[in-house]
Amino acid sequence: MTLDYNAIEEKWQSRWEENRIFEADPDEREKFFLNIPYPYMNGFLHIGRLYTYLRGEVLSRYKRMKGYNVLFPFAFHCTGSPIVNAARRIADGEEKQIRILKNMGVSEELIGKFADPEYWTEFFPEMTKVHLRQIGATIDWRRSFITTSLNPHYDRFISWQFRKLKEDGFVIKGAHPVIWCSKCQNAVSDHSRLDGEGEIPQEFTLLKFRHGNDFIIAATLRPETVYGQTNLWVDPDETYVRASVNQEVWIVSLQCAQKLADQEKDVHILENIKGIELIGNSAVAPVIKRAIPILPSKFCDPNKGTGIVTSVPSDAPDDWMGLFDLKNDASLREKYGLCIDDVQCIEPIAIIDSKGWGEYPAVEICKKMNIRDQHDREKLTKAKKEIYKSGFYTGVMNKNCGEYSGLKVEEAKDKIKAMMMEEKEADIMFEPSGKVTCRCLTDCTVKIVRDQYFLAYGDPEWKRLAHEALDNMRFYPEVIRKQFDYVVDWLNNWACTRKVGLGTKLPWDENWMIESLSDSTIYMAYYTISHMITKIEPEMIDDSLFDYIFLGKGNPEEISERIGKDLEFTTSMRKEFLYWYPFDIRSSGKDLIQNHLTFCLFNHVAIFPKELWPKGFGVNGWLMIDKEKMSSSKGNVFTADDMHGKYGADVTRFALMYSGEGIDDPNWETNFVETMGDKLEQWYNFALENYGKGNEEVHYIDRWFDSMVLSILKEVNSLYEEMMFRSAIQRGYFDMQRALKWYLKRTSAPNRAVMDRFIEVQTKILSPFCPHVAEEIWEAIGKEGFISTSAWPEPWKEADESMLQSEEHLKSAIDDIREILKVARIENPKNIYIYTTPEWKWKVVKVASEEKEFKTAMPKLMADEEMRSLGKKVSKFLTTAIKDRIFVERVDERGILNEARGFISQETGADIHIDEPYDPENKADNAVPGRVAIYIE
RNA sequence: GCGGGGGUUGCCGAGUUUGGUCAAAGGCGCAGGGCUUAGGACCCUGUCUUGUAGAAGUCCGUGGGUUCAAAUCCCAUCCCCCGCACCA
């Protein structure tokens, strides 16, 4: 019979809904609360997210069958600027953005609506819900919500959280550099950029070179290289300015002067100065306090840094090539009035020992890469990167670096910078880490924003609490614990407010918006009451309500009166929260370890009492498609809807869950997926055809199969508990099916009770992965109610291990026969004689396995009359038994073989004779426990 | 460099915590056979090398060591992947 996946999906999804089986309310059962991070609503759910989602989904189904009252809610994240920006692009009629929506499957006539950000927050949550529903989601949708001020209830909740954090001193204030558009007079977030996504403010050290009463300023990313300075570079054709900067006179590019004004400097431009005027002069370099010459070069960019560069030819390929050109090009020297003596004497100064390089890495790499001159930009950029990386990570300051010699570059860098700042020999400025262009086509710069608020994750006391929470948590898998420990220590203060985008306004400073990673840290608590709080008018909600619900503070009678509800309503919210909280597992992709999940932990320990701290985190890898990373350039980013359309819900679910587990990247194998539909259908047909049928007699092999099922079930159980779903499928489906095949091969007529039990167990084990087919089977075999809410199979007895072992003996006997047939090239065996192990050998093995040593085992055996009579044979066999570690458990070989005689005969095509005296080649003697002797004619 | 994870038989991937039953599960691929009008569907068998009696040899990144015994323990070493942030 062919399964109509579409029909059964719709059938069961509607029934689940009608019966509200996934709507969770507190009751007398033990609860289990798990959740996953809500996705951002600027597109459809892709299968990577679906994978993360399904891990929660499968666990929730399993736990429900285990008898827990399971809460598995879901919500939609709308905070931040991407939606706003994308909406504006639609409003502007931007082709690229329109195409993105069209490719997602948004119809032509709807596109116009996306000009309004609010429409995104309606459309995508709705679609996500549809896509999750059709895949068989177990969500309690009553509790869903969107974030930001578009949801006034949630908005109040976040305001409460932030007031709370501020009161307790977790929010601090400071200055913060942001990417800035001087034309728009606004911070330019990633997605409002025409160009330069991902670029961030980067800190440069400004080195001050005394030049008369002025300072020539050079910007560097490598302050530690000041010890290797040999000269300054100035572009002779460029115009610089003399400007008063905080009461000093600085010489910098005009562009730089403007930026400095944005970065908290008091800047007044005094006059212009031509680059050429500076050439040939000298200036006193910081730290080394030595006058160094100012030389011409063409790689000084007035838009970058100060337009003036200090030269460290030992470690900067550009600098080395600059010198190289001057030394080798007489016309160049002449042009700027320099003579050979001015440059010939300049030699690199070795300052850093780093792995794989001699004392002048820059010189070396220029040779190695065959760099022609200072205009060979592409190669130079590459060279710079390589030298910087090895220098920074592996380098150690050498003897030329004064008190810093012997320090790692990594440490020296900050120390030297701090020292120069202290001595007023340096300052700092920020530049974007790469070119950033605003949508208004202006090149962006960096501005220091005042009044930036931070969450003080750098605070040691807060970290201590977070560690304490970690120590009491469970992790899935356990290996990620160390990662969290590390991240908690490493995390620093986090800028938690933004100027633009959707979100909740900072309650005490409404010029600011709470950014998207900060308004999503304790909302799991909000799920517990989200379906109730919407019954209160948002204007009536104030902090006292949340204080009561989440912290048990205040007087519920007064609060009830204020919100216009009866007391029971108010107290039931508190009760509901206490019933579900803390959550048992929050599971997400591994990218969220270092931000979201750790933030979640920090915020919980800041706000809630210990007993409400998170109990567990689960983490999974990134889904690969046929071993390739998903990326739009490869065109392999599929949505949940795509896969559902192609393979149906159960196959998609099954394939995703079989794709991987743990922290490794799971891999979606198209090859595998395509065979799964048939496999599920096969199981469906098998179950229907075989349920309720069979023999009443109980044979050995029936008991074996029963034990096998029990034994696998036990393992599958603990695999489910650990969220090891790939292994659970491996054992619970593939291995189970193999056992079934063996059973069917071995038995002439399956036992009805054993078979029924097996079909039930197998279907239940599969049901969290493929719930629709499972329900369909459940119904077809005449079960009441849903399999989704039925009880997980509990072991009906202990698995009989000796029976499992016996069957292994039989398998190995057959393997042996096959081996002999193959090696001896016997085509058509007529008679196979099997000789079992004589009783005395079993005795020897028993003693051997107890004693493990010849000298103690032998006397023990010799105490036995019968053994003594066998004499040498015993001693000889004992030696082999101990040497080959034949310590097997006693099984009834003859019984098993007799029982399986027909089977062996059928497998080999010969007549089987067991323990007959006929033994022409004296094979019988080969029999040892665990291995029968064989003679074939 | 720091932190984390890993290197297993054509590929993927178990096994390593608790050394022996490990030539090493399972899946995929491949080969042969069966079923079939046919099949990319299904079933069976095989898939390191050699082997005319169930064996032997080699093997788990590399080199050492411990042990009666090592994929598994110890030491050294090489290589790969992820993160090193303010990005939804």
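From a predicted model like this one, the values you see are computed outputs, not experimental measurements. The analysis underlying the following values was restricted to heavy atoms, covering all of them including side chains, and did not include hydrogens, waters or symmetry mates. Chain naming here is simple, since letters A, B, ... match the order of the sequence lines and numbering starts at 1 in each.
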With heavy atoms under 4.0 Å as the rule, sort [X] into base, sugar-phosphate or nothing.
X	answer
A:Glu921	nothing
A:Trp490	base
A:Arg49	base
A:Asn926	base
A:Ile663	nothing
A:Val84	nothing
A:Ile826	nothing
A:Asn492	base
A:Leu517	sugar-phosphate

Electrostatic pair A:Lys413:A:Glu224 at N-O distance under 4.0 angstrom: yes
Integer-rounded Å distance: B:rA53 P and A:Ile834 CD1: 19 Å
Work out how far the [atom1] atom of [N] is from that of [M], and round it to whole angstrom.
N	M	atom1	answer
B:rA38	B:rU47	P	29 Å
B:rC11	B:rC60	P	15 Å
B:rU58	B:rG5	P	34 Å
B:rA76	B:rU66	C1'	15 Å
B:rC74	B:rU16	P	14 Å

Option passing ring-ring contact (aromatic ring centres under 6.0 Å, His included) with A:Phe602 (candidates A:Phe170, A:Trp494, A:Trp462): A:Trp462
Audit row: A:Glu819, A:Lys822, salt bridge (charged side-chain N to carboxylate O under 4.0 Å, His left out) steps and yes/no: CA-CA 5 Å; A:Glu819 174 97 2; A:Lys822 181 181 149 203; 5.4 Å; no
Give a yes/no on whether any side-chain N or O of [X] is located under 4.0 angstrom from OP1 or OP2 of [N].
X	N	result
A:Lys822	B:rA55	no
A:Arg731	B:rG26	no
A:Lys590	B:rC82	no
A:Arg931	B:rA55	yes

For [N], which nucleotide is its Watson-Crick or G-U wobble mate, given both distances must be under 3.5 Å?
N	value
B:rC42	B:rG34
B:rU66	none
B:rG1	B:rC84
B:rA23	none

A:Phe74 and A:Tyr53 aromatic ring geometry - parallel, tilted or perpendicular at 30°/60° bounds: perpendicular
Closest-nucleotide 5' rank along RNA chain B - winner of A:Asp816 and A:Lys679: A:Lys679
Whichever of A:Tyr486 and A:Glu669 has its nearest RNA chain B nucleotide further upstream toward 5': A:Tyr486
Note, A:Ile814 side chain near A:Leu810 side chain (heavy atom, < 4.5 Å): yes
Any N/O donor-acceptor pair, A:Arg726 side-chain to B:rA25 base, under 3.5 Å: no
Row check, A:Phe475 ring normal vs A:Arg481 NZ/CZ: under 6.0 Å, within 45°: no
